[in-house]
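Report on one structure; see the data block that follows.
These values consider heavy atoms only, across backbone and side chains, with no hydrogens, waters or symmetry-generated copies. One-based numbering, in listed order, for ligands and for the atoms of each.
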Amino acid sequence: MKAVVDVAADKNKSKTPIKQEKIVTVGGGSLNGEVAISGAKNAVLPLMAAALLTEDECIINNAPCLDDVLVMLSVFKALDGRAEFDGHQLRLNSRGVEPRAVKPEILRQIRASNLILGPLLARFKEAEIGACGGCSIGSRPMDIHFAGMEALGAKILPLAGGYFAFARQLKGTDIYLKFPSVGATENLLMAAALSEGQTRLHNAAAEPEIEDLAAFINAMGGSISGAGTADIVIDGARKLHGVEYTVMPDRIETGTFLLAGALLGGKIRLLGARAADVQVQLSVLRQMGVEYQSMAGEITVQGGPLKAVRVETAPHPGFPTDLQPILAAVLCHAEGESIICEQIFENRFGYINELKKLGAAIQIRDNCAIIKGSKQNDWHGAKLAASDLRAGAALVLAALSAEGQSEITGVHYIDRGYEDLVGKLRRLGADIKRC
Ligand code: EPZ
């Protein structure tokens, strides 16, 4: 598919109403077969931003076809960059890029648009970003990003509906993050990559997507060590060059299908999955009594009776917050009381009222969900509404575990983060379609 996205189309896109599509499922069947894991959404978005660090062409392979990638493409083109998306290959060239204000209606569409701050500041010594949007899972402030940029010598001025950042020169220094923010770590990696001297990030995020970004920048001629740990050292380069790079597989999609297999399997083979990125997910599956085999480049998971567990989300290598809704949906069918505590976002239980429409017995206490699970499944289909990307995936799996027909609206949220989730589930034998 050639999706050469241009700003004009995007201008119209931002005016078109959100698609009122829905997903219709008929539950009760089991899933069997193979599913190919796509490239990682939360890795490809920072890599696209990092392409702004050079005026050479950057080629990114294994890029997932997601709405968030299309929006990031329109941000890139709104900066007068050139971008093509053909199949799963992105070709980005930011030779003609100007750090002018990107239309707010584009910037607020995804949180990741705030990742242009670091590269534009590094290359042009100025950047303007909007009040970046994102899901309804929390306030999503930028204070850690800004504190780090100011430590490098930048000034950040609030504007109506956004921020303007500028610097005479960015100079490397020690930066202590008050929380291991993924986005702030990524923005600071990119800003430090072209700063003068050495920058050391302390209490940095250690997610695998950070390692992918560091490897991408190192392949551009950068000098970053320690990515994947809490202490990252960046020696600023004078210039960075173009690169061809293959983005890592999506560990959250991997976790989604592992949990789908645990709940609805049969037996599912996840092709292209990287077991090293999902060790904590696999240890939770073991505690749940789920059988799986992981070998080079694939993981096979087997459905069966599930045991209750207690999990709390945490920065990597802890249990990822993005899988919290999906795990909760699965634990509704695990025998006994499970508890999931959400430690990262302040408002990520929006989906629970929707699960209750199917028959879930869940109580919220502070930042924890107390789930009374049962392997007897007397759930019946219902009309459900997704409130964010991962909640949408949770509702799809929950609906497929309920007898009868369910309808799920908010499909546009799911399209932001999963490439063809409906098609992949249908090919595994699920009775599911988009209308
Ligand atoms: C990234 O968001 C991911 N998005 C999120 O995935 C993921 O849930 C999150 O990391 C945590 O793993 C992308 O990578 C595009 P954070 P990000 O900065 O960078 C607070 C999905 O479903 N914080 O690590 O925005 C913040 O409020 C999405 O794929 C500050 O207080 O997450 C939150 O409570 C959802 N000040 C916590 O830190 C700041 O300056 C974690 O946020 C920045 C963040």
Side-chain angles (χ1 to χ4, degrees), residues 38-50 64 66-69 71-72 75 107 109-118 129 131-151 156 163 165 175-190 201 203-213 230 247-248 250-256 277 280-281 313-326 342-348 350-351 367 386-394 410 413-419 421:
S38 300
K41 164 178 98 77
N42 292 347
V44 74
L45 296 174
L47 297 191
M48 293 173 75
L66 302 171
D67 283 1
D68 272 11
V69 172
V71 174
M72 199 64 173
V75 170
L107 281 178
Q109 284 180 34
I110 52 166
R111 165 89 179 164
S113 56
N114 66 6
L115 293 174
I116 64 175
L117 172 65
I129 61 169
C132 299
C135 291
S136 60
I137 55 177
S139 57
R140 318 294 294 269
M142 291 281 291
D143 55 323
I144 303 172
H145 299 245
F146 294 160
M149 297 302 167
E150 286 164 348
I156 313 274
Y163 302 91
I175 299 174
Y176 294 82
L177 283 74
K178 73 172 185 181
F179 178 87
S181 154
V182 171
T185 302
E186 290 165 345
N187 248 330
L188 291 167
L189 271 192
M190 292 187 277
L201 302 184
N203 194 34
E207 272 70 3
E209 292 77 13
I210 308 278
E211 292 182 77
D212 227 27
L213 176 60
V247 70
M248 63 179 272
D250 194 314
R251 65 188 172 97
I252 304 301
E253 185 189 33
T254 300
T256 303
D277 298 333
V280 71
Q281 289 93 309
T313 65
H316 195 77
F319 190 85
T321 172
D322 292 346
L323 285 177
Q324 178 260 97
I326 299 147
E342 172 58 58
Q343 314 254 63
I344 306 289
F345 288 105
E346 65 268 28
N347 181 26
R348 199 162 203 175
Y351 61 92
N367 66 323
S387 52
D388 72 67
L389 157 59
R390 307 300 175 184
Y413 287 117
I414 296 173
D415 289 342
R416 288 188 48 194
Y418 288 94
E419 179 173 326
L421 181 66

- prompt: Hey, does Pro141 sit under 4.0 Å from ligand 1 if you only count heavy atoms?
  reply: yes
field: Atoms of ligand 1 close to Met142 [distance to a heavy atom under 4.0 angstrom, numbered from 1]
entry: 40 (O)
task: Give the numbers and elements of all ligand 1 atoms closer than 4.0 Å to a heavy atom of Lys41.
output: 21 (C), 29 (O)
- request: State whether the shortest distance between N or O atoms of Arg390 and N or O atoms of ligand 1 falls below 3.5 angstrom.
  value: yes
Under-4.0 Å heavy-atom contact with ligand 1, by part of Asp322 that carries it: side chain
- prompt: With a 3.5 Å cut-off and no angle check, do the side chains of Glu342 and Thr313 form a donor-acceptor pair?
  reply: yes
query: Counting each atom of ligand 1 from 1 as listed, which ones have a heavy atom of Gly183 under 4.0 Å away?
result: 18 (O), 19 (O)
Residue among Val247, Asp277, Val44, Asn42 satisfying side-chain contact (heavy atoms from CB on, under 4.5 Å) with Asp212: Val247
query: Counting only heavy atoms, which portion of Arg348 has something under 4.0 Å from ligand 1: side chain, backbone, both, or neither?
result: side chain
- request: Look at the side chain of Asp415 and the backbone N and O of Asp67, then say whether any donor-acceptor pair between them is shorter than 3.5 Å.
  value: no
- request: Please work out whether any backbone atom (N, CA, C, O) or any side-chain heavy atom from C-beta onward of His145 is under 4.0 Å from ligand 1, and answer side chain, backbone, both or neither.
  value: both
query: Is there a nitrogen or oxygen of Phe345 sitting under 3.5 Å from a nitrogen or oxygen of ligand 1?
result: no
- request: Using non-hydrogen atoms of the residue, decide whether Ile137 is closer than 4.0 angstrom to ligand 1.
  value: yes
query: Judged by atom type as modelled, is there a donor-acceptor pair below 3.5 Å linking the side chain of Glu207 to the main-chain atoms of His316?
result: yes
task: Heavy-atom distances under 4.0 Å are what count here, so tell me which part of His316 touches ligand 1: side chain, backbone, both or neither.
output: neither
field: Option with minimal heavy-atom separation from atom 40 (O) of ligand 1, where the choices are Ile144, Leu389, Leu323
entry: Ile144
Nearest heavy-atom neighbours spanning Met72 and Ser113: SD-CA, 4.2 Å
- request: Quick one: pull up NZ in Lys41 and CD1 in Ile252 and give me the separation to the nearest 0.5 Å.
  value: 9.5 Å
task: Consider only side-chain N and O atoms of Tyr413 and Ser387, and report whether a donor and an acceptor are under 3.5 Å apart.
output: no
- request: Would you please test Thr321 and Phe345 for side chain to side chain contact (heavy atoms under 4.5 Å, CB included) and show each step?
  value: CA-CA 8 Å; Thr321 172; Phe345 288 105; 3.7 Å; yes
field: Nitrogen or oxygen of Glu207 less than 3.5 angstrom from that of ligand 1
entry: no
message: For Thr321, which part has a heavy atom under 4.0 Å from ligand 1: side chain, backbone, both, or neither?
response: side chain
Ligand-residue contact atoms, ligand 1 with Phe179, heavy atoms, under 4.0 Å: 37 (C), 38 (O), 41 (C)
task: For Ile344, take its heavy atoms, then give the atoms of ligand 1 lying under 4.0 Å from any of them.
output: 33 (C), 34 (O), 37 (C), 41 (C)
query: Hey, what do you get for CD1 (Ile210) to OG1 (Thr185), rounding to the nearest 0.5 Å?
result: 4.5 Å
query: Just by distance, do the side chain of Asp388 and the backbone of Ile137 share a donor-acceptor pair under 3.5 Å?
result: no
